[in-house]
Protein chains: 2
Amino acid sequence: MGAAKETLGEEQPWAEVSPDAARRLLIAAVDAFAERGYHATTTRDIAGRAGMSPAALYIHYKTKEELLHRISRLGHDKALAILRSAADGEGTAADRLSAAVRSFVRWHAGHHTTARVVQYELDALSAEHRTEIVALRRLSDAAVREIINDGVRAGEFDVPDVPGTTLAVLSLCIDVARWFDVGGRRTPDEVGALYADLVLRMVGAAPERAQR
Amino acid sequence: MGAAKETLGEEQPWAEVSPDAARRLLIAAVDAFAERGYHATTTRDIAGRAGMSPAALYIHYKTKEELLHRISRLGHDKALAILRSAADGEGTAADRLSAAVRSFVRWHAGHHTTARVVQYELDALSAEHRTEIVALRRLSDAAVREIINDGVRAGEFDVPDVPGTTLAVLSLCIDVARWFDVGGRRTPDEVGALYADLVLRMVGAAPERAQR
DNA sequence: CCTGAAGGTGAGCAAGCGCTTAGGCAAGTG
DNA sequence: CACTTGCCTAAGCGCTTGCTCACCTTCAGG
């Protein structure tokens with residue numbers, strides 16, 4: 001399915017950020033924020049990682065917070081696109097929920113530095129930027145809730161508390177960014193598969209392999 | 001002061017911290033760290049919330065990091081005690097897993113300010129303190145894994161990947177501290193009940209509709 | 001009464017912070 | 001050529017940070 005867009009998964013991250021110096025600064029900021037947190041990161045550190053002087057940062061970004069906002073915005077856009085692509089796909093609700101969780105988790109594990117900044121540094125955003133981002137998060141919530149509602153309507157799922165289960169599913173996936181370790185034994189693909197199975201259990205979908 | 005009654009009939013939190021001024025400072029630090037994060041909190045802010053001058057902090061604590069360490073240590077001790085109390089209880093593995101999740105989640109929701117600091121400010125600890133805390137976390141992991149293993153051995157659970165599922169269960173519970181909102185519609189008890197049900201589904205325990 | 005310990009304060013230091021400014025250099029355009 | 005434009009740096013400004021220090025107050029024991 002979607003053979004023409006097959007290569008999009010391998011695209012260069014942050015390709016939409018230009019010019020080159022701005023992208024280098026943004027990547028350096030992602031690394032630094034993920035490693036130490038936004039407030040513990042200095043603008044000198046970011047510029048240093050990008051191989052530039054501290055003042056260079058302010059040519060491409062108005063403030064340190066604008067850098068965080070750009071990262072958060074792009075990351076949330078990407079995360080939402082992943083969820084929607086799965087939600088709008090073909091197949092049963094179980095198929096779509098499984099695909100959504102698998103790809104969402106794979107992204108959080110594979111891009112865990114970015115995801116960590118995106119998911120855990122919201123408080124550092126300005127009030128306006130935060131409300132903008134929170135709106136995006138509600139759309140993610142709606143995408144997942146829609147799949148679950150479809151499954152319930154179709155009789156595939158058994159979910160007593162749809163909003164609560166939606167919250168739990170998203171929370172479970174998001175928290176992958178906190179604990180995922182590149183040096184660990186699990187690959188992003190493996191975690192995605194494990195989590196897809198766990199989530200299908202949470203919604204009471206009939207197990208595919210054997211009935212019990 | 002403003003922080004509502006978190007005790008739920010239990011004893012006064014932080015009762016083990018003395019003298020009184022040290023406890024007031026610690027409670028102020030918990031509030032400030034939870035609200036703004038460790039690095040964004042100033043020692044002046046902590047002292048101010050406790051109604052004291054900035055210098056007073058250093059009579060009771062050597063550094064700002066020692067304050068965080070004390071909070072983190074006490075919080076992890078409490079969380080581990082909750083898990084172990086449920087793990088060592090009576091009943092089937094499903095009963096014990098359900099009880100563990102319910103009380104663990106209830107604590108994370110009811111004491112979400114403390115839990116937020118405990119779970120999300122580990123990186124701000126010094127290297128030595130962090131390894132001490134990480135050891136405690138491994139014990140929590142072991143407590144949950146033991147219950148799940150018991151259930152698998154007894155034929156109560158169907159869990160293909162025990163370490164992975166253990167990780168997911170703990171991750172799910174911990175993340176409650178991130179999103180729980182006092183102003184929200186759910187009480188800590190309700191979230192605990194919902195999550196206990198979800199976790200039983202994750203381990204493939206036979207649904208006990210009568211049980212709640 | 002005096003004395004010393006315990007617990008507090010006001011003032012402030014050295015370091016580090018986010019961010020600004022003045023200016024340099026290379027490339028493109030009339 | 002002169003001039004603008006884009007990108008970058010060295011220097012540093014004004015402020016805040018974690019933390020210290022000289023000093024004050026309270027109070028129990030002799």
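Here is the naming used below: chain letters follow the sequence lines, and residue numbers restart at 1 for every chain.
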Exercise. Decide side chain to side chain donor-acceptor pair (under 3.5 Å) for H69(B) and E132(B); before the verdict, give the C-alpha distance in whole Å, the side-chain angles of both, and the deciding distance to 0.1 Å.
Key: CA-CA 10 Å; H69(B) 174 234; E132(B) 176 198 330; 3.0 Å; yes

Quiz item: Can you find a heavy atom in the side chain of D150(A) that is under 4.5 Å from one in the side chain of R96(A)?
Solution: yes

Quiz item: Under a 4.5 Å cut-off applied to non-hydrogen side-chain atoms, are D175(B) and Y120(B) in contact?
Solution: yes

Roughly, in whole Å, what's the span from [atom1] in [X] to [atom2] in [N]?
X	N	atom1	atom2	value
I59(B)	dC24(D)	CD1	P	16 Å
H60(B)	dA6(C)	NE2	P	12 Å
R24(A)	dC7(D)	CZ	P	12 Å
L57(B)	dT20(D)	CG	P	11 Å

Quiz item: Less than 4.0 Å between a side-chain N and a carboxylate O, is that true for D45(A) and R36(A)?
Solution: yes

Self-check item: Short N-O contact, R186(A) and D161(B), less than 4.0 angstrom
Solution: yes

Nucleotide N/O of nucleotides 12-18 of chain D paired with protein N/O under 3.5 Å:
| residue | atom | partner | partner atom | Å |
| --- | --- | --- | --- | --- |
| dG18(D) | OP1 | T41(B) | O | 3.1 |
| dG18(D) | OP1 | K64(B) | NZ | 2.8 |
| dG18(D) | OP2 | T43(B) | N | 2.9 |
| dG18(D) | OP2 | T43(B) | OG1 | 3.3 |
| dG18(D) | N7 | R44(B) | NH2 | 2.8 |
| dG18(D) | O6 | R44(B) | NH2 | 2.8 |

Exercise. Take R102(B) and S98(B) through the side chain to side chain donor-acceptor pair (under 3.5 Å) test and state the conclusion after the steps.
Key: CA-CA 6 Å; R102(B) 198 194 328 268; S98(B) 174; 3.0 Å; yes

